[in-house]
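Each remark here refers to the structure printed beneath this line.
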Amino acid sequence: MNPNILILGAPGAGKGTQSEKIVDEFGVEHVTTGDALRANKQMDISHLDLEYDTPGEYMDQGELVPDEVVNEIVDKALSEADGYVLDGYPRNLDQAEHLSNITDLDVVLYLDVDEDVLVSRLTGRRVCEECGATYHVDFNPPEEEGVCDECGGDLYQREDDSEETARERIRVYDENTQPVVEFYDESGELARIDGEQTPDEVWTDVKATIEDRA
Ligand code: AP5
Ligand code: MG
Ligand code: ZN
């Protein structure tokens, strides 16, 4: 049985970066609501009669997509996975409760990064449009500018990585998701990792924690 891993952290904390390594090392699925929603930004959700009719309208403003939409994505992805690293969910206490009803977690990781570091990580991020690999123009540049080291694909900047939207995402995180971190901390499950180290140093701690707990 592969482990069920939850990775928590603010926007830009390094969840996606570390999840790629967890997938390679532990053979689990990367279940990420952000990527799933980005692939379905134009999906018609008008039948739910909510504020907006597509996920993209929430995302481009840095707001949370409604729970009904996100819970359904997670239900399906987790039921099909033999071990997973869950990234981007739960983002509020209702989602955390939903998660506790559908699965058991072996490891809960929290990447601890100070807020003033996050904005520069987000505005400098570049993502491969072919394979999804993540780079940073200063902290983790590709060998050739604009080109993925892994697959040669073109790199692009996410629409929600403008400075204004990045700041709003961090505000939404503080309000909605910080209580989720406290919830897992109080239950004694949370493994806090210093996310301000280099990506390789963070990985050393992440790997050791999973091996220890799973
Ligand atoms: P999502 O895609 O989940 O975005 P996020 O939580 O804001 O997180 P990021 O992907 O921005 O950060 P990350 O921690 O993965 O950092 P990364 O590894 O890339 O969600 C997007 C939107 O979708 C939300 O705003 C919302 O609208 C919607 N959504 C998603 N899930 C939802 C849910 N459950 N409920 C409701 N709505 C939902 O790293 C960032 C940068 O830093 C990169 O450039 C990287 O190279 C660099 N970096 C990484 N590690 C280091 C390091 N150690 N040192 C220096 N640089 C580093
Ligand atoms: Mg991410
Ligand atoms: Zn690539």
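We count ligands from 1, going down the list as the structure has it; atoms in each ligand are counted the same way.
- An N or O contact shorter than 3.5 Å is missing between Tyr89 and ligand 1 by distance.
- Near Thr134, with a cut-off below 4.0 Å to any heavy atom, the atoms of ligand 1 are 19 (O), 43 (C), 45 (C), 46 (O).
- When only interatomic distances are considered, the shortest N/O to N/O separation between Val65 and ligand 1 falls below 3.5 Å.
- The single protein non-hydrogen atom nearest to atom 53 (N) of ligand 1 is Gln197 O, 2.9 Å, given as residue, atom name and distance.
- Between the side chain of Thr165 and the backbone N or O of Ser162 there is no donor-acceptor pair closer than 3.5 Å.
- Shown in contact with Thr198 at under 4.0 Å from a heavy atom are these atoms of ligand 1, numbered in order with element: 53 (N).
- The residue from Asn71, Leu6, Val31, Ile73 that alone fulfils the side chain to side chain contact (heavy atoms under 4.5 Å, CB included) condition with Tyr89 is Asn71.
- A salt bridge links Asp185 with Arg192: the closest approach of a Lys/Arg side-chain nitrogen to an acidic carboxylate oxygen falls below 4.0 angstrom.
- With hydrogens and angles disregarded, a donor-acceptor distance shorter than 3.5 Å links the side chain of Gln18 to the backbone of Pro199.
- Between Pro11 and ligand 1, not a single N/O pair is under 3.5 Å apart.
- A distance-only check finds a donor-acceptor pair linking the side chain of Asn92 to the backbone of Gln95 [under 3.5 Å].
- Around atom 23 (O) of ligand 1, the closest heavy atom drawn from Arg125, Arg126, Met59 belongs to Met59.
- In the displayed structure, Glu68 atom CD is contacted under 6.0 Å by more than 12 heavy atoms of other residues, nucleotides or ligands.
- Counting only heavy atoms of the protein, atom 24 (C) of ligand 1 lies nearest to Arg91 NH2, 3.8 Å.
- Of the protein's heavy atoms, Lys15 NZ, 3.1 Å lies nearest to atom 8 (O) of ligand 1.
- For Gly12, the heavy-atom gap to ligand 1 drops under 4.0 angstrom.
- The shortest N or O to N or O distance between Asp35 and ligand 1 is not under 3.5 Å.
- Near Gly195, the atoms of ligand 1 lying under 4.0 angstrom from a non-hydrogen atom of the residue are 53 (N).
- Looking at Tyr135 against ligand 1, only its backbone comes within 4.0 Å, counting heavy atoms.
- Taking only nitrogen or oxygen atoms, main chain and side chain alike, Leu122 does not reach within less than 3.5 Å of ligand 1.
- For atom 29 (N) of ligand 1, the nearest protein heavy atom (residue, atom name, distance) is Leu37 CD1, 3.4 Å.
- Residue contacts with ligand 1, taken as heavy atom pairs separated by less than 4.0 Å, involve Thr17 via backbone and side-chain atoms alike.
- Defined by atom type and a distance below 3.5 Å, a donor-acceptor pair is missing between the side-chain atoms of Asp200 and Thr198.
- Rounded to 10 degrees, the SG-metal-SG angle spanning Cys131 and Cys148 at the Zn ion (ligand 3) equals 110°.
- The shortest N/O to N/O separation between Leu64 and ligand 1 does not fall below 3.5 Å.
- Close N/O approach between Gly124 and ligand 1 is not found [any backbone or side-chain N/O within under 3.5 Å].
- In this structure, Arg158 is part of the shell of residues with a heavy atom less than 4.0 angstrom from ligand 1.
- Note: an N/O pair closer than 3.5 Å links Arg38 and ligand 1 by distance alone.
- At under 3.5 Å, not a single nitrogen or oxygen of Asp161, backbone or side chain, sits near a nitrogen or oxygen of ligand 1.
- No more than 12 heavy atoms of other residues, nucleotides or ligands lie within 6.0 Å of CD in Glu143, so this atom counts as exposed by the packing criterion.
- For Glu211, the CD atom is densely surrounded, since the number of other residues' heavy atoms within 6.0 Å is greater than 12.
- By heavy-atom distance, the residue among Asp87, Thr33, Leu118 lying nearest atom 31 (N) of ligand 1 is Thr33.
- The protein non-hydrogen atom at the shortest distance from atom 16 (O) of ligand 1 is Gly14 N, 3.3 Å.
- For the 3.5 Å distance criterion, the side chains of Tyr135 and Glu150 fail to qualify, holding no donor opposite an acceptor.
- Using a distance-only test at 3.5 Å, with no hydrogens or angles considered, a donor-acceptor pair links the side chain of Tyr58 to the main chain of Tyr52.
- Contacts with ligand 1 closer than 4.0 Å are made by no heavy atom of Glu201, backbone or side chain.
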(request) Starting from the C-alpha separation in whole Å, work towards a yes-or-no answer on side chain to side chain donor-acceptor pair (under 3.5 Å) for Asp75 and His98. (result) CA-CA 9 Å; Asp75 289 352; His98 181 77; 2.7 Å; yes

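- Only the backbone of Ala10 comes within contact range of ligand 1, with a heavy atom under 4.0 Å; no side-chain atom does.
- In terms of protein heavy-atom proximity, atom 15 (O) of ligand 1 is closest to Gly16 N, 2.9 Å.
- With hydrogens and angles left out, the side-chain atoms of Asn2 and Tyr84 include no donor and acceptor closer than 3.5 Å.
- The protein heavy-atom contact nearest to atom 34 (N) of ligand 1 is Gly88 O, 2.9 Å.
- The residue from Glu196, Gln18, Arg121, Glu159 that puts a heavy atom closest to atom 55 (C) of ligand 1 is Arg121.
- Taken to the nearest 0.5 Å, the OG1 atom of Thr54 stands 8.0 Å off from the CG atom of Asp60.
- Proximity of a side-chain donor or acceptor of Arg213 to a complementary backbone N or O of Glu189 within less than 3.5 Å is detected.
- Taking only nitrogen or oxygen atoms, main chain and side chain alike, Arg169 reaches within less than 3.5 Å of ligand 1.
- Counted within 6.0 Å of CG on Asp116, heavy atoms from surrounding residues, nucleotides or ligands total more than 12; the atom is thus considered enclosed.
- Not one N or O on the side chain of Lys207 forms a donor-acceptor pair closer than 3.5 Å with the backbone of Lys21.
- Lys41 and Glu57 are not joined by a salt bridge, as no carboxylate oxygen comes within less than 4.0 angstrom of a charged side-chain nitrogen.
- The closest non-hydrogen atom to atom 27 (O) of ligand 1, taken over Glu63, Gln95, Glu20, comes from Glu63.
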